2 protein chains.
Amino acid sequence: MVRPGGRSARVQQAVHTAVRELQAEVGRPELTVPMVAARAGVTPSTIYRRWGDLQELLSDVAVEHLRPEAPPEDHGDLLADLRGWAEQFLEEMSSPAGRAYIRDALLGDADGDNAGRCSAYAAEQIAVVLARAEERGEEAPDVETVLDRVVAPMMYRILFRPAGLTDAYADRLAREAVQGFGAPR
Amino acid sequence: MVRPGGRSARVQQAVHTAVRELQAEVGRPELTVPMVAARAGVTPSTIYRRWGDLQELLSDVAVEHLRPEAPPEDHGDLLADLRGWAEQFLEEMSSPAGRAYIRDALLGDADGDNAGRCSAYAAEQIAVVLARAEERGEEAPDVETVLDRVVAPMMYRILFRPAGLTDAYADRLAREAVQGFGAPR
DNA sequence: AGCTTAAAGCAAATCTGTTGCATCAGGGTC
DNA sequence: GACCCTGATGCAACAGATTTGCTTTAAGCT
């Protein structure tokens with residue numbers, strides 16, 4: 001059972017904080033479970049029991065970093081909203097830090113839970129953009145289409161070919177997703 | 001320097017074989033470097049020195065698994081070729097084993113070399129399909145477009161939402177990539 | 001207030017990962 | 001074909017990480 005206000009919650013909080021601080025201070029490659037435990041004021045075995053190993057812990061922390069902090073900006077029309085969102089997404093995710101978080105999130109995640117959560121974050125943001133478009137009376141593709149046409153290509157290139165990713169690329173994907181959505185099949 | 005016929009090559013071979021055998025026998029979560037070393041008739045320090053850690057070793061082995069074994073089948077036209085290739089790709093990659101290999105290839109790979117190699121394999125196969133289409137006089141998109149429209153969506157879903165991936169999905173992506181390529185922008 | 005139980009602390013034992021030094025096998029040179 | 005040079009491997013000792021059984025703590029419930 002999860003006891004939200006209790007000691008477990010405090011421990012989780014302390015451990016997460018310790019991971020973030022130490023990542024910044026000593027760098028991820030130097031991180032060890034005992035080091036995190038010491039900083040969090042906890043014994044290593046607690047961490048091993050709760051998280052299994054360092055990778056799962058890092059995965060947890062990474063997912064928190066990847067959670068969007070604010071809804072996407074409203075630029076007045078679908079294309080502009082989607083372009084803005086895609087540009088920002090690409091910029092954040094393709095940075096060395098962003099790529100590290102994505103890798104960590106995927107890595108310590110045998111069941112795919114954390115990966116699914118990341119995708120859900122993106123889907124939520126896109127859903128907001130599309131809902132606004134609907135309200136304005138614009139024709140809009142559905143979330144799945146935008147995932148396929150915009151998010152997937154960016155993520156694929158971030159993971160598999162991390163060179164030459166520019167705003168222009170994000171723009172083009174957004175444009176093609178919106179304009180092509182009603183195009184002939 | 002790599003000495004292809006020498007001891008290094010034999011060691012590499014023995015270690016790779018040991019990894020594959022042990023993955024099948026005890027499962028990947030139980031794998032350890034000392035275990036692999038013992039099976040390969042090698043000391044652990046050799047592995048640590050050559051590969052750094054288990055993840056990099058697994059990454060190496062995974063990339064070999066992901067190398068295509070034969071050129072894509074020729075079905076007589078672009079759409080059929082692409083559909084066939086996409087279906088097969090999705091089937092192989094979305095299986096639990098396939099996903100494990102992809103994850104391993106991506107994750108034990110600080111510099112992104114192995115990930116790049118995976119993408120290059122896919123790009124080669126697609127280039128073959130597209131070159132055939134050109135020879136037949138068919139209009140064909142370029143490789144990058146197919147990566148964006150077909151490979152990226154499949155890979156994104158394999159990694160981030162590993163549920164409900166069917167042949168029909170691969171079909172649809174292939175169809176949209178081919179028919180939409182000349183569509184209005 | 002007292003009881004129940006999941007989670008945390010503690011400590012011993014085990015195994016993984018690291019490192020310095022000696023040895024060995026290939027490849028190149030004469 | 002015998003001889004050195006280079007880099008990779010073996011060995012062994014060590015440091016540190018991970019596991020595990022048992023005890024203790026504290027949150028939630030009656």
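None of the values given here were measured: they were computed from a predicted structure. Naming: A, B, ... by sequence-line order, numbering from 1 per chain.
A donor N or O paired with an acceptor N or O is not found under 3.5 Å between the base of D/dG7 and the side-chain atoms of B/R49.
Straight-line distance from the CG atom of A/D53 to the C1' atom of C/dT16: 14 Å, rounded to whole Å. Protein atom OH of A/Y48 is 11 Å distant from nucleotide atom C1' of C/dT16, rounded to whole Å. Rounding to whole angstrom units, CD of residue A/E56 and C1' of D/dT18 are separated by 14 Å. At whole-Å resolution of the value, CZ in B/R10 and C1' in D/dA8 are 12 Å apart. In this structure, A/L54 atom CG and C/dG17 atom P are separated by 13 Å, rounded to whole Å. A/I47 has its CD1 atom 14 Å from the P atom of C/dC10, to the nearest Å. We find that CG of B/L31 is positioned 11 Å from P of C/dT16, with the value rounded to whole Å. Separating the CH2 atom of A/W51 from the P atom of C/dA7 is a distance of 12 Å, rounded to the nearest angstrom.
In this structure, B/T43 reaches the D/dG10 phosphate: one of its side-chain N or O atoms is under 4.0 Å from OP1 or OP2. In this model, the phosphate group of D/dA17 is approached by a side-chain N or O of A/T32 to a distance below 4.0 Å at OP1 or OP2. One finds a side-chain N or O of A/T46 lying less than 4.0 angstrom from the OP1 or OP2 phosphate oxygen of C/dG9.
Comparing D/dA8, C/dG17, D/dC11 by their nearest atom to the side chain of B/R50 picks out D/dA8.
Expressed to the nearest 0.5 Å, how far CD1 of B/I158 lies from OG of B/S95 amounts to 8.5 Å.
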